[in-house]
Each structure stands twice: as structure tokens, then as C-alpha cells.
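Here's the structure, in C-alpha cells; my notes come after.
Start at 1 with the first residue, then count along the sequence. The figures here come from the full heavy-atom set of this structure, side chains too, leaving out hydrogens, waters and symmetry mates.
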Amino acid sequence: QVQLVESGGGLVQAGGSLRLSCAASGRTFSRYVMGWFRQAPGKERDFVAGISWTGDSAYYADSVKGRFTISRDNAKNTVYLQMNSLKPEDTAVYYCAAGTRTWRTSSADEYDYWGQGTQVTVSS
């Protein structure tokens with residue numbers, strides 16, 4: 001089992017940047033694929049990005065491709081989401097998630113563990 005804690009959210013103007021972090025407990029972090037999802041008020045939880053066990057492969061939603069970058073540091077048990085050129089429509093609660101099956105998926109069902117979320121608000 002793994003516990004996840006996100007940080008780094010906040011209020012930023014459109015065009016700005018934020019970096020989210022997700023710290024994982026335990027000594028088996030490298031056994032998990034990691035993902036970021038987001039949920040805006042009144043909407044379903046949407047996939048943002050996923051990353052492989054070693055961090056050498058990543059998968060992005062079309063809406064963030066070219067603006068967001070997912071990365072991980074297995075020595076620090078941490079996954080990151082660098083968000084650039086932020087837009088008001090990026091406003092949401094961002095969640096990190098851990099799974100064991102595949103990183104190349106946009107399905108939340110493939111992830112077993114979830115953090116509590118961190119709020120990102122982009123003002124216009």
C-alpha cells in the first residue's frame with residue numbers, strides 16, 4: 001500500500017506556471033506507475049498525465065500536451081507535474097494516483113491509490 005500527499009497548488013494568473021509535487025510513502029515507489037488527474041467543479045475527474053515506473057515514458061491528455069510535463073524521482077519517492085502556460089480552464093483540484101498495471105492509460109480505474117488533491121486556480 002502507498003499513501004500519497006500532493007502539494008504545490010495555488011492561485012496563478014493565466015500564462016503562469018506551477019509545479020505540483022506528490023510525495024509517496026513506503027519503500028516500493030518504483031513499483032508503481034503514477035498519474036495525475038484533475039476535477040473541476042461539477043465535472044468528472046479527468047486524466048492529465050501518466051508516467052512509467054522508471055520515468056522514461058509519459059502519456060498526456062491532448063488538452064495539456066506541450067504545456068505540462070510529468071516527471072518522477074524514485075530516490076525521493078516523488079512525482080511532479082510542471083504546468084506552464086496555464087489557462088483558466090486548467091482550474092481544478094489536481095490528484096495524483098498510483099497503480100501497478102499500466103501507465104499508458106487515461107482510465108482512473110487503472111489506478112489503485114489516490115492523494116487528497118491540491119487546488120489549482122488560474123485567473124484570467
Does the side chain of V120 come within less than 4.5 Å of L20's, by heavy atoms?
yes
Could you tell me whether R31 atom CZ has more than 12 heavy atoms of other residues or ligands within 6.0 Å of it?
no
Assert yes or no for the condition that the ring centre distance of F68 to W36 is strictly below 6.0 Å.
no
Nearest 0.5 Å, what's the OG-CD distance between S21 and E6?
10.5 Å
Cluster overlap W114 with V33, hydrophobic side-chain contacts below 4.5 Å
yes
Got T69 and Y60 here, is their nearest side-chain heavy-atom distance under 4.5 Å?
yes
Common cluster, L86/Y95, ILVMFWY with side-chain heavy-atom separation under 4.5 Å:
no
Under 3.5 Å: donor-acceptor pair, side chain of T105, backbone of T102:
no
From R38 CZ over to E89 CD, what is the distance, rounded to the nearest 0.5 angstrom?
8.0 Å
G99 and D112 have their tightest heavy-atom pair at CA-OD2, 3.9 Å
Membership question, hydrophobic clusters at under 4.5 Å side-chain separation (ILVMFWY): are V48 and I70 in the same one?
yes
Assess the residue pair R45 and V93 against the criterion (side chain to side chain contact (heavy atoms under 4.5 Å, CB included)); give the C-alpha distance rounded to whole Å, side-chain angles, the decisive distance to 0.1 Å, and a yes or no.
CA-CA 9 Å; R45 190 170 297 190; V93 176; over 6 Å; no
Working to the nearest 0.5 angstrom, can you tell me the gap between Q39 CD and Q119 CD?
11.0 Å
Compute both the distance and the angle, then confirm whether R72 meets the cation-pi test with Y80: under 6.0 Å from the six-membered ring centre, within 45 degrees of the axis.
no
Is it the case that one hydrophobic cluster holds both Y32 and F37, taking links as side-chain heavy atoms less than 4.5 Å apart, direct or via other members?
no
When F47 is tested against each of Y111, W103, Y59 for ring pair (Phe, Tyr, Trp, His ring centres under 6.0 Å), which residue passes?
Y59
Within-4.5 Å side-chain heavy-atom neighbours: S17 and Q82:
yes
Side-chain contact test, heavy atoms from C-beta onward, threshold under 4.5 Å: evaluate it for Q116 versus L4 and give yes or no.
no
Any chance you could measure S123, atom OG, to Q13, atom CD, to the nearest 0.5 Å?
5.0 Å
Report yes or no: does T78 contribute a side-chain atom to a donor-acceptor pair with the main-chain N or O of K76 at less than 3.5 Å?
yes
Within-4.5 Å side-chain heavy-atom neighbours: Y94 and M83
yes
Do Q3 and Y113 have side-chain heavy atoms sitting under 4.5 Å apart?
no
To the nearest 0.5 angstrom, please state how far the CE atom of M34 sits from the CG atom of N74.
9.5 Å
To the nearest 0.5 Å, atom CD1 of I51 lies from atom CG of D56 at 8.0 Å
Hey, does the side chain of S52 reach the backbone of S57 with a donor-acceptor pair shorter than 3.5 angstrom?
yes
Give a yes or no on whether the backbone of L11 and the side-chain of T121 come within a donor-acceptor separation of less than 3.5 Å.
no
Answer yes when D90 and K87 have at least one side-chain N-carboxylate O distance shorter than 4.0 Å, and no when they do not.
no
Compare every heavy atom of A92 with every heavy atom of A40, then report the nearest pair and how far apart it is.
N-CB, 3.8 Å
Between V2 and T28, is any pair of side-chain heavy atoms under 4.5 Å apart?
no
